[in-house]
Each structure stands twice: as C-alpha cells, then as structure tokens.
Amino acid sequence: MLNVVENSRAKKTAGLAVTYRAGSGDMFGTCPDSCLLKPAPTGTHKIDRAYERAVRRAVPKNGVAFLFTHFKPGQWAEKNETGRTVFNYSADSLSKAAAYIKNGVAAVAVIPADYWKRKSSKKVIAINGARFVRCPDETSGVGCNGCGGGSPLCARQDRKFGIVFTAHGAAKRAAGDPSQRGGCYAAGGNVALHWRNLSRQEQSTESDGARVERFAAGLRRGSILRHHIAGDLGRA
C-alpha cells in the first residue's frame, strides 16, 4: 500500500514530495529480510517488478526523484539512468558500500553515532579506496530541498562517491552496529505511527505502481520526489 504527500512538513524533507509504502497488515511487509535494521523477519525476498518499473519512471517533469533500498543491486531489473528515479543501495557497512561504489553503483551506509569523534574531517572520509560524503543536513541543517544547491546528492545517478548517515534516535546503537538486529529509524516516533496506520488501511483497487506514476506526473515542474520515507520495493 502506498501513501503520497505532495509537500512534506518534516524538518529534513520539508518542501519535498514524499511517499510511504507498507505491506498489508505489516508496516515492514515491503522490506527485504536481508535488511538487518528490521526488528523481526518479514519473509519478503522478492522485488515487486511491476512496482519497480513504475517507480523508476515516477519522476516529476523537469525534476528529480530518488529512493533508498535494502534490496541488493544484483536484484534490480535496471541500472540507474539519467531521467529516472535514482536507486541508492543501503549497504550494511562502509566496506560493503565501498565495494559497490567502486563498481559504479550509488550506495549509502549508516555509521555509529560516535564515529566522527575519531575523525579529523567531519564531512568526508575514504574507505577501501572509495570516497564518502556525510549527509550535508547533519552539518549544516540544509535539508534535502537545499542539498547540493537544489540538486540533492542522493538524486545524482552518476556520482563517484557514497553518502553516509550518522545513526541517531532511540535505536542509534543498533543502527550503527551491523551485528545487531533492529535500529530502523522509521520504527519509532511519528514516522512509525504514519507507517503503521498505512499498513492497517484497506488495499486500494489502484496498484502501488499506477498510483506512484500518477502522483509524480501531477507534481509541479522541477519538484524533488523522495520515494519511501519508509518502506521498500518488495512485494506487498
């Protein structure tokens, strides 16, 4: 199931168009079991191919769109291309993200909350020959709408660097430790309330794919669309 918001009022995504996706009766139902941030297994292993094709095309006219997914790039039906939604692979660790970056895949990773205390640079790091840039919102509070001068780093399909996000919130310890299950930022607070309520709604007769394409087509020119504030590409 899909919910769409034309103008987000959340601090980081203020001014963006955003979506949320949940499984029927399970807010984690579209997330793959391979994601270690989930508190419990869901049994989801496959990407919803019809939805994947649709979300690739769901880009505002003269605008950009991006998302984060825990489904591995080898499972994607298409690679990132200009004019399409940019898929960012959320890797379990910096080293795994680095391997994908060196192979030309857009990748991101979460790092421990105290990571920057051990580093001289607070914005850029290099791991295994790959360069990573810290999410600009963490150092400047610029938000996604102002990131990159209006061209968010996460929406750049041909970038040569990864992006790191510092674990935060009540579950930050688990989020920053790949050996622990749990830590999903969307599992608590207002995002969780919204996501859980979505999973309890009746399934619409309109497919998630049809709805996301219709939503993107109706946005104002030049809009920035972030798919999946919570949720993923799995079969709902």
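Fair warning: this is a prediction, and the values are worked out from it, not measured in the lab.
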Check step by step if side-chain contact (heavy atoms from CB on, under 4.5 Å) holds for Arg211 and Ser204. CA-CA 10 Å; Arg211 188 174 188 193; Ser204 170; 6.0 Å; no

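- Taking 4.5 Å as the limit, some side-chain heavy atom of Thr19 sits within range of a side-chain heavy atom of Leu225.
- By the ring pair (Phe, Tyr, Trp, His ring centres under 6.0 Å) test, Trp116 is found to be paired with no residue, residues two or more places apart in sequence or in another chain being considered.
- In this structure, Gln201 CD and Gln203 CD are separated by 10.0 Å, a value rounded to the nearest 0.5 Å.
- Phe71 meets the ring pair (Phe, Tyr, Trp, His ring centres under 6.0 Å) test with no other residue; sequence neighbours excluded.
- With sequence neighbours left out, the ring pair (Phe, Tyr, Trp, His ring centres under 6.0 Å) criterion links Phe165 to Phe68.
- Here His227 contributes atom NE2 and Thr69 contributes atom OG1; the two are 12.5 Å apart, rounded to the nearest 0.5 Å.
- For the pair Ile224 and Gly150, the tightest heavy-atom approach, listed with the atom from each and the gap, is CD1-O, 3.9 Å.
- Scanning all heavy atoms of the two residues, the minimum distance from Gly23 to Thr30 falls at N-CG2, 3.8 Å.
- Taking every heavy atom of both residues into account, Gly29 and Thr44 meet most closely at O-OG1, 3.0 Å.
- The pair Lys46-Asp33 fails the salt-bridge criterion, with no side-chain N (NZ, NE, NH1 or NH2) lying under 4.0 Å from an Asp/Glu carboxylate O.
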Expected list for residues 97-109: side-chain donor-acceptor pairs under 3.5 angstrom, two or more places apart:
unit_1	atom_1	unit_2	atom_2	d
Lys102	NZ	Asn128	O	2.6
Asn103	ND2	Ala99	O	3.2

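- The CG atom of Asp26 sits 8.5 Å away from atom SG of Cys31, with the distance rounded to the nearest 0.5 Å.
- Atom-to-atom distance recorded for Cys147:SG and Leu16:CG is 10.0 Å, nearest 0.5 angstrom.
- Sorted by first and then second residue, the salt bridge (charged side-chain N to carboxylate O under 4.0 Å, His left out) pairs involving residues 152-165 (not counting sequence neighbours) form an empty list.
- Taking hydrophobic clusters as Ile, Leu, Val, Met, Phe, Trp and Tyr residues chained together by side-chain heavy-atom distances below 4.5 Å, Phe66 shares a cluster with Leu153.
- For the side-chain hydrogen bond (donor to acceptor under 3.5 Å, both in side chains) with Gln157, the qualifying choice from Thr82, Asn88, Asn80 is Thr82, the only one to do so.
- Residues that satisfy the salt bridge (Lys or Arg N to Asp or Glu O under 4.0 Å) test with Arg49, not counting sequence neighbours, are Glu52.
- The salt bridge (charged side-chain N to carboxylate O under 4.0 Å, His left out) pairs that include a residue from residues 66-91 number zero, where partners must be two or more places apart or lie in different chains.
- Atom CD1 of Ile111 sits about 9.0 Å away from atom CD1 of Ile127, to the nearest 0.5 Å.
- In terms of hydrophobic clustering, with Ile, Leu, Val, Met, Phe, Trp and Tyr side chains grouped at heavy-atom distances under 4.5 Å, Leu2 and Val191 are assigned to different clusters.
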Determine, step by step, whether Leu94 and Tyr115 satisfy the side-chain contact (heavy atoms from CB on, under 4.5 Å) criterion, reporting the C-alpha distance in whole Å, the side-chain angles of both residues, the deciding distance to 0.1 Å, and the verdict. CA-CA 12 Å; Leu94 280 172; Tyr115 184 87; 3.9 Å; yes

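- For residues 193-203, there are no salt bridge (charged side-chain N to carboxylate O under 4.0 Å, His left out) pairs, not counting sequence neighbours.
- Under the 3.5 Å distance criterion, the side-chain polar atoms of Ser199 are left unmatched by any main-chain donor or acceptor of Gly25.
- Of the charged side-chain nitrogens involved, none lies within less than 4.0 Å of a carboxylate oxygen, so that Arg21 and Asp232 do not count as a salt-bridged pair.
- The heavy-atom pair separating Ser207 from Ala210 by the smallest distance is OG-N, 3.0 Å.
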Under the side-chain contact (heavy atoms from CB on, under 4.5 Å) criterion, do Val164 and Val110 qualify, and how do the steps go? CA-CA 6 Å; Val164 290; Val110 175; over 6 Å; no

Quick one: side chains of residues 132-144, donor-acceptor pairs under 3.5 Å with protein atoms, not counting sequence neighbours, listed by atom name and distance.
unit_1	atom_1	unit_2	atom_2	d
Arg134	NE	Glu138	OE1	2.8
Arg134	NH1	Lys122	O	3.0
Asp137	OD1	Gly143	N	2.9
Glu138	OE1	Thr166	OG1	2.6
Glu138	OE2	Thr166	N	2.7
Thr139	OG1	Pro136	O	3.3
Ser140	OG	Pro136	O	2.8
Ser140	OG	Val142	N	3.4

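- Residue-environment remark: CG (Asn62) exceeds the threshold of 12 foreign heavy atoms within 6.0 Å.
- Thr13 and Ile229 make their closest contact through CG2-CD1, 3.9 Å (heavy atoms, listed as atom of the first residue, atom of the second, distance).
- Val4 is connected to Leu219 through a chain of hydrophobic side-chain contacts under 4.5 Å among Ile, Leu, Val, Met, Phe, Trp and Tyr, so both are in one cluster.
- To the nearest 0.5 Å, the span separating CG on Asn7 from OG on Ser223 amounts to 9.0 Å.
- Side chains of His70 and Asp92: no donor on one and acceptor on the other come within 3.5 Å.
- Hydrophobic clustering of Ile, Leu, Val, Met, Phe, Trp and Tyr side chains at less than 4.5 Å, counting indirect connections, keeps Tyr89 apart from Val64.
- Contact between Val212 and Ala58 at its shortest, heavy atoms only, is O-CB, 3.7 Å.
- Identified under the ring pair (Phe, Tyr, Trp, His ring centres under 6.0 Å) test for residues 24-65, with sequence neighbours left out: Phe28-Trp195, Tyr51-His228.
- Put simply, Val86 and Ile163 are part of the same group of oily side chains (I, L, V, M, F, W, Y) that touch within less than 4.5 Å, one to the next.
- Both tests hold for Arg56 against Phe87: distance to the six-membered ring centre under 6.0 Å, angle to the ring axis within 45°.
- Using a 4.5 Å heavy-atom cutoff, the side chains of His194 and Asn3 are in contact.
- Side-chain contact between Tyr185 and Leu37: absent, with no pair of heavy atoms (C-beta onward) separated by less than 4.5 Å.
- With sequence neighbours left out, Arg9 forms a side-chain contact (heavy atoms from CB on, under 4.5 Å) with no residue at all.
- Residue pairs meeting the salt bridge (charged side-chain N to carboxylate O under 4.0 Å, His left out) criterion with at least one partner in residues 213-224, sequence neighbours excluded, are Arg57-Glu213, Glu206-Arg214.
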